[in-house]
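Keep in mind the model is a prediction, meaning the values are calculated, not measured. Values below: every heavy atom of this structure, side chains too, minus hydrogens, waters and symmetry copies.
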Amino acid sequence: MIELADVEKIVGTEFPGGIYTIEPWEHRLFCDAVLADEPPDGVAHPIYAYHGSRAGMGLTLDELFALCLADPADGGMFGEHREEIHRPLRVGASYAVTGRIVDVQRKQGRTAGTFDMIEFELELRDDDGVVATSTNKWMFPRKA
């Protein structure tokens, strides 16, 4: 099993980051797919606090798993999500995405066995600062 001390070393690791643009055509398709009306005045649907930050973090899911010392075949799972929207996201706007690993917790479940909850935070920024913060926890099973 991977030692907790080895996993804890990733806390503070910065993601490569990138730029994410909320494309008008994509926004229309998304709203249509979830049967949501497009918000008025060019405001983007709030799901883009999650989607835009995840898409622009600069890592594929396989790369995220590798960073977390996990194999995708072991069944890592999305655990929790929290977001703060400081100002409305805008359709057509581009946002710089930054992020980092902020916490690791080893847990033991009766059914799941040993697993690590790894928390990472992503921010969408424009020229005026942070627009939205997306905090995510993923569960990574650890084989004995």
Side-chain angles (χ1 to χ4, degrees), residues 1-36 39 42-144:
M1 177 180 313
I2 295 171
E3 296 295 324
L4 177 58
D6 291 331
V7 182
E8 289 175 329
K9 291 176 186 175
I10 69 171
V11 173
T13 300
E14 299 278 335
F15 298 145
I19 302 293
Y20 183 78
T21 302
I22 302 174
E23 298 291 351
W25 63 267
E26 179 186 3
H27 187 260
R28 278 191 304 279
L29 288 174
F30 171 80
C31 289
D32 186 53
V34 300
L35 304 175
V43 172
H45 190 283
I47 192 66
Y48 280 91
Y50 171 76
H51 176 68
S53 62
R54 175 53 206 104
M57 70 190 280
L59 294 173
T60 66
L61 286 180
D62 283 347
E63 291 167 334
L64 176 63
F65 274 62
L67 175 64
C68 295
L69 307 176
D71 183 331
D74 292 340
M77 294 178 274
F78 183 81
E80 297 177 22
H81 171 74
R82 179 176 74 250
E83 64 186 43
E84 294 177 65
I85 300 175
H86 309 286
R87 289 181 279 117
L89 296 157
R90 311 290 305 176
V91 175
S94 294
Y95 298 96
V97 181
T98 59
R100 71 213 52 78
I101 304 281
V102 296
D103 191 33
V104 170
Q105 294 181 356
R106 176 134 309 162
K107 298 189 176 204
Q108 183 72 37
R110 280 187 307 195
T111 305
T114 303
F115 60 94
D116 291 331
M117 289 295 289
I118 298 180
E119 182 176 347
F120 60 94
E121 182 178 275
L122 299 163
E123 294 177 333
L124 290 165
R125 298 173 169 269
D126 64 11
D127 291 340
D128 295 323
V130 178
V131 178
T133 304
S134 175
T135 305
N136 303 274
K137 288 185 181 180
W138 282 53
M139 181 184 107
F140 296 97
R142 302 301 185 188
K143 293 181 179 179

Looking at every heavy atom in both T21 and G92, which two are closest together, and how far apart are they?
CG2-O, 4.0 Å
Salt-bridge test for D126 and R87: reply yes if a basic N is under 4.0 Å from a carboxylate O, no otherwise.
yes
Charged N to carboxylate O below 4.0 Å: is that the case for D116 and R142?
yes
G52 to Y20 - nearest heavy-atom pair and separation
CA-CD2, 3.4 Å
For side-chain contact (heavy atoms from CB on, under 4.5 Å), just list the numbers for I10 and V104, CA-CA rounded to whole Å, side-chain angles, deciding distance to a tenth of an Å, and then say yes or no.
CA-CA 8 Å; I10 69 171; V104 170; 4.2 Å; yes
Return the set of residues passing side chain to side chain contact (heavy atoms under 4.5 Å, CB included) with P72 (not counting sequence neighbours), or none when no residue passes.
D62, F65
Any chance the rings of F30 and H27 have centres within less than 6.0 Å?
no
Which atom of F140 lies closest to which atom of G76, heavy atoms considered
CD2-CA, 4.2 Å
H45 (side chain) donor-acceptor with P39 (main chain) under 3.5 angstrom
no
Show the nearest heavy-atom pair for residues I101 and C68, with the distance to one decimal.
CD1-SG, 4.4 Å
Without hydrogens or angle criteria, can the side chains of E26 and H51 be said to hold a donor-acceptor pair below 3.5 Å?
yes
Mark yes or no for whether Y95, through its side chain, and V130, through its backbone, hold a donor-acceptor pair below 3.5 Å.
no
For R54, the salt bridge (charged side-chain N to carboxylate O under 4.0 Å, His left out) test, sequence neighbours excluded, returns none
The test is side-chain hydrogen bond (donor to acceptor under 3.5 Å, both in side chains); show your working for E83 and H81 and say whether it passes.
CA-CA 7 Å; E83 64 186 43; H81 171 74; 2.9 Å; yes
